[in-house]
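Down below is the structure, laid out as structure tokens.
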Amino acid sequence: MEIPAEIAEDWARIREGAEELIPERDWVDKLVRSRREKRPLRVKLGCDPSSPDLHIGHSVVLRKLREFQDMGHRVVFIIGDATGRIGDPTGRSETRPQLTEQQVKANADTYFQQVFRILDEAKTEIAFNSQWFRSLTFEDAIRLLAQMTVARMLERDDFEKRHAAGHAIHLHEFLYPLMQGYDSIMVRADIEAGGTDQKFNLLVGRDLQREAGQEPQVILTMPLLVGLDGKNKMSKSLGNQIGICEPPDQIFGKAMSITDEMMEEYYRLALGYPTAEARRLMEECRAGTAHPRDLKARLARELTARYHSEAAAREAEKRFNRVHRERERPEEMEELRLRLGSDGKLWICEALVQAELSRSNGEARRLIRQGGLKIDGQRVDDEMLELGRGSFDVQAGRRRFLKITLT
RNA sequence: GGAGGGGUGCCCGAGUGGUCAAAGGGAGCAGACUGUAAAUCUGCCGGCGCACGCCUACGGAGGUUCGAAACCUCCCCCCUCCA
């Protein structure tokens, strides 16, 4: 389709890295009008406040929103404290426990701290959707529900799959997309962004807005970042995430643990490299002109630097190399004090459990039997070892280090 | 309301009276190897100071039996078809 010259640059920037822009015609109209009338567009993003930790999967969309802000538009950030009670249907079907107002507030606060590492606070509006859902009557809810059919609901990929697989779908889950769409009406969204898994919900917003006499929002979906397991999308509940508030060593190390094949996506989505650039790096790698390890280290360094600093990233890399390439103990270790028993001794397994290096004595024994325990650099083979007073550099497995002082 | 199929360890899933702490896979952990916490290979993988022993565990509560994840009763939950 023909893109007017006046928005060509913005358009190219918006499209970079995005999965879909729907519908393109309306996008162009909105962008042109915005420019001519000098009216910033309202770009909506909703989030679920139930888990307050953002990870770099979230950063994909946030980064995109930041670009809109840099183009002069406004972001409307919705804390879904009402929708959060349902939880976006992802297969877990239980109604989530209602958070107290203080919990929501606390979660939201930490959320903002993280979000504004990426977004421009001055160009961000914040709303809690309980604001309008609290006063919605049952009758209003019926009206909302009446705008959707079961057949359409079942078009949603996730519902369809669960239905086909014979998994339960609870009725209240149908409410989620409708509530999200209702949010769009309330904040008069021009644009709503989300991951590709949000496509259905975003489209529902269009329908509801149209029904409410508003111009429907246009939607933008971003690809989902695959988690550290290389299989599922990054999500906290799967434990395959890199949190943006994690310490430098964690971010660096986790980034180093992705497979080679995943690097391109991480460069593109987590760091925002242009698609072409990310692909070029991978091709160099395949051609043998670049070493995959170096590329991965660069990825890890840049990712760490993004959420900490260049210096912190360099330090993290140094420590990583020391521990993993040179197989040496890190220069600094966390310290922990433990008390000896009344006989002036502490059984090694007990110490490992207390230090949370093992979950049970059995696990500690296994660690020792498998040759995974070193004290002061010496392998420990005796699982009955008793420690006395003193300070010990303990290494459990390849990468857990702790200085334990017994008193 | 009727008929049928299910609920097993962190997850998926096999198991229909003892040989079951329960196959197999995934996850996790360890070791080897390496280019890294990648890939691959090997091992471990409920708890108990480790004991061919005890405890806990196959949706819940009872029961049958020398012995139950398995059989019976009731209950709870999920799915499919019919109404």
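Being a predicted model, the structure only gives us computed values, none of them experimental. All values below come from the heavy atoms of this structure, side chains included, with hydrogens, waters and symmetry mates left out. Residue numbers begin at 1 in each chain, while the letters A, B, ... track the order of the sequences.
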Quote, to the nearest angstrom, the [atom1] distance that separates [N] from [M].
| N | M | atom1 | result |
| --- | --- | --- | --- |
| U80(B) | C29(B) | C1' | 41 Å |
| U64(B) | A70(B) | C1' | 13 Å |
| C58(B) | A68(B) | C1' | 11 Å |
| C20(B) | G15(B) | P | 15 Å |
| A57(B) | G7(B) | C1' | 15 Å |
| A22(B) | G46(B) | P | 9 Å |
| A39(B) | U34(B) | C1' | 9 Å |
| G17(B) | C66(B) | C1' | 12 Å |

Set out, line by line, the N/O atom pairs under 3.5 Å between protein and nucleotides 38-41 of chain B.
none

Check: Among side-chain atoms of E192(A) and Q198(A), is any donor-acceptor pair under 3.5 angstrom?
Finding: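 Not at all, the side chains of E192(A) and Q198(A) share no donor-acceptor pair under 3.5 Å.
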Margin query: Distance alone, cut at 3.5 Å: any donor-acceptor contact between the side chains of E16(A) and T275(A)?
Written below: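 Distance-only check passes for E16(A) and T275(A).
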Considering every strand shown, what is the Watson-Crick or G-U wobble mate of [N] when both distances are under 3.5 Å?
| N | result |
| --- | --- |
| U19(B) | none |
| G53(B) | C48(B) |
| A61(B) | U73(B) |
| G1(B) | C82(B) |
| G43(B) | C29(B) |

Detail all sub-3.5 Å separations between protein N/O atoms and N/O atoms belonging to nucleotides 29-34 of chain B.
| unit_1 | atom_1 | unit_2 | atom_2 | d |
| --- | --- | --- | --- | --- |
| A30(B) | OP1 | R400(A) | NH1 | 3.2 |
| A30(B) | O2' | Q370(A) | O | 3.0 |
| A32(B) | OP2 | R398(A) | NH2 | 3.1 |
| U34(B) | O4 | R327(A) | NH1 | 3.1 |
| U34(B) | O4 | R327(A) | NH2 | 2.3 |

Nearest-Å distance, [atom1] ([X]) to [atom2] ([N])?
| X | N | atom1 | atom2 | value |
| --- | --- | --- | --- | --- |
| M263(A) | U36(B) | CE | P | 13 Å |
| E383(A) | C50(B) | CD | P | 11 Å |
| E326(A) | G35(B) | CD | P | 14 Å |

Margin query: Can you tell me how the ring of F128(A) sits relative to the ring of F112(A), calling it parallel under 30°, perpendicular over 60° and tilted otherwise?
Written below: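 Perpendicular.
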Next item on the list: Please collect all side chain to side chain donor-acceptor pair (under 3.5 Å) contacts where either partner lies in residues 333-345 of chain A, sequence neighbours excluded, each pair once.
Entry: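 For residues 333-345 of chain A: none.
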Notebook entry, point to check: What string of B, S and - do you get for nucleotides 51-57 of chain B, 5' to 3', if B is base contact, S is sugar-phosphate-only contact and - is no contact with any protein heavy atom under 4.0 Å?
Noted result: -------
Output a table of donor-acceptor pairs, distance under 3.5 Å, between side-chain atoms of residues 368-375 of chain A and any protein atom two or more places apart or on a different chain; print 'none' if there are none.
| unit_1 | atom_1 | unit_2 | atom_2 | d |
| --- | --- | --- | --- | --- |
| R369(A) | NE | E383(A) | OE1 | 3.0 |
| R369(A) | NH2 | E383(A) | OE2 | 3.0 |

Notebook entry, point to check: Mind telling me whether A51(B) is syn or anti, cutoff 90° either side of 0?
Noted result: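 A51(B): syn glycosidic orientation.
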Notebook entry, point to check: Counting only non-hydrogen atoms, which of residues 347-361 of chain A are less than 4.0 Å from RNA chain B?
Noted result: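 W347(A), S360(A), N361(A), in order of number.
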